[in-house]
There are 2 protein chains.
Amino acid sequence: MGNLGPEMEVVHLLRAVTVELGLHSARFAHRNGMHPTDVRALIALMDASRAGTEMTVGRLGAALGLNSAGTTALIDRMERAGQVRRVRGAGDRRRVLVEVTETAVELGWASFGPLITAAVELLRVYDERELAAVKGFLAGVLEAATHGK
Amino acid sequence: MGNLGPEMEVVHLLRAVTVELGLHSARFAHRNGMHPTDVRALIALMDASRAGTEMTVGRLGAALGLNSAGTTALIDRMERAGQVRRVRGAGDRRRVLVEVTETAVELGWASFGPLITAAVELLRVYDERELAAVKGFLAGVLEAATHGK
DNA sequence: AGCGAGTATCTCGCTCGGCGAGATAATAGG
DNA sequence: CCTATTATCTCGCCGAGCGAGATACTCGCT
């Protein structure tokens with residue numbers, strides 16, 4: 001499992017990056033009295049809001065791999081901490097929409113913003129082909145991780 | 001926060017990849033009656049073994065961000081499941097070295113091997129400069145995530 | 001040699017995130 | 001409208017991980 005060429009080096013780098021990003025959000029969570037799951041929820045919610053999609057309790061739970069009881073507990077906790085708001089669905093009144101509060105968004109940006117800017121800064125000097133290479137690699141790994149079993 | 005150029009697309013891809021890899025190992029964990037932490041421990045142990053470093057209980061706990069009690073519980077659990085062995089330190093008999101069993105290594109490879117091969121396969125068609133681009137980007141993000149607070 | 005400080009691991013009791021089962025409320029279909 | 005379905009919540013429980021402290025071993029000092 002030693003050196004199977006320069007490709008293997010990239011694979012180990014990718015693994016190191018995912019580990020380090022995980023630790024980064026764990027630190028962020030701890031610093032703000034949150035749990036890893038709360039951070040994942042925050043990210044999912046900000047994602048949905050960026051995409052303009054409404055996020056319901058059920059969909060959030062599914063995205064995080066929690067069952068309904070755990071999801072309810074999660075949202076209770078985050079609502080209590082003022083990171084999230086429950087809003088009864090307008091059309092279908094069984095639904096409960098979950099919205100991030102402004103303070104939570106700011107919190108998230110304060111922690112992940114610098115990292116994002118750093119990454120964008122890195123890519124700024126890349127030309128067309130280099131950018132496509134990075135994009136292609138990540139897309140390929142994503143595809144393999146998603147479908148590969 | 002919408003489209004700040006093609007760089008942002010790469011950032012979102014990277015985030016998607018880390019999320020998906022996380023889910024991948026969560027699925028692996030669940031399928032084998034393990035917990036996410038157990039998988040992280042397995043990876044850390046395989047890493048150490050690949051690097052030829054001896055892994056002690058304390059060092060493993062530190063790598064995973066667990067305190068001593070939690071680490072003991074973790075190793076108890078994994079030893080009970082036959083994934084890990086405790087070996088009293090030869091020189092310093094206070095230490096307890098942790099070794100992965102062959103079955104655990106095989107288990108890990110069965111789950112992560114295909115993903116690794118897929119990634120290597122992707123990179124195989126890349127030329128010198130493209131490979132360097134991917135490597136440089138990942139290294140830069142790693143650096144930013146590690147040091148950026 | 002032997003004592004005390006330092007280090008590595010383990011034990012105990014507890015908290016709390018997440019699960020399974022089932023209750024409740026709202027919608028959709030015949 | 002009455003039943004099946006869907007969305008969420010309540011209750012009781014399990015177990016991962018924590019804090020505090022016990023235990024076992026090593027090392028420096030005298």
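All heavy atoms count here, side chains included; hydrogens, waters and symmetry mates do not. Letters A, B, ... mirror the listed sequences (proteins, then strands); counts begin at 1.
Two rings, from Phe137(B) and Tyr126(A), have their centers 6.0 Å or more apart.
When the C1' atom of dT9(C) is taken as reference, atom CZ of Arg59(B) falls 15 Å away, rounded to whole Å. Atom pair Asp92(B):CG and dT7(C):P shows a separation of 12 Å (rounding to whole Å applied). The separation between Met55(A) atom CE and dT8(D) atom P is 11 Å, rounded to whole Å. Distance, Arg95(A) CZ to dA7(D) P: 6 Å, rounded to whole Å. As a whole-Å value, the separation of His30(A) NE2 from dG17(D) C1' is 12 Å. Atom CG in Leu97(A) sits roughly 12 Å away from atom P in dA7(D) (whole-Å rounding). Look at NE2 on His35(B): it is 13 Å from P on dG18(C), rounded to the nearest Å.
Across all strands, Gly61(B) comes closer than 4.0 Å to no nucleic acid atom at all (heavy-atom distances). Within the 4.0 angstrom heavy-atom criterion, only backbone atoms of the sugar-phosphate kind lie near Arg86(B); the bases stay farther away.
Here Arg94(B) pairs with Asp92(B) in a salt bridge; the nearest charged N to carboxylate O distance falls below 4.0 Å. With respect to Asp47(A) and Arg40(A), no salt bridge is recorded, no charged nitrogen being found less than 4.0 Å from a carboxylate O. Note on Arg85(A) versus Glu79(A): no salt bridge recorded, every NZ/NE/NH1/NH2 to OD/OE distance being 4.0 Å or above. A salt bridge between Arg15(B) and Glu20(B) is absent, with no side-chain N of the basic residue lying under 4.0 Å from a carboxylate O of the acidic one.
The two atoms that bring Leu131(A) and Val10(B) nearest to each other are CD1-CG2, 4.4 Å, heavy atoms only.
With hydrogens and angles ignored, a donor-acceptor pair closer than 3.5 Å exists between the side chain of Arg94(A) and the base of dT6(D).
Neither OP1 nor OP2 of dA8(C) sits under 4.0 Å from any side-chain N or O of Arg88(B). Within the structure, a side-chain polar atom (N or O) of Thr37(A) is placed less than 4.0 Å from OP1 or OP2 of dG18(C).
Within the 4.5 Å cutoff, side-chain heavy atoms of Leu66(B) are placed close to those of Leu74(B).
Contacts of residues 63-84 of chain B with DNA chain C (heavy atom under 4.0 Å): Ser68(B), Ala69(B), Thr72(B).
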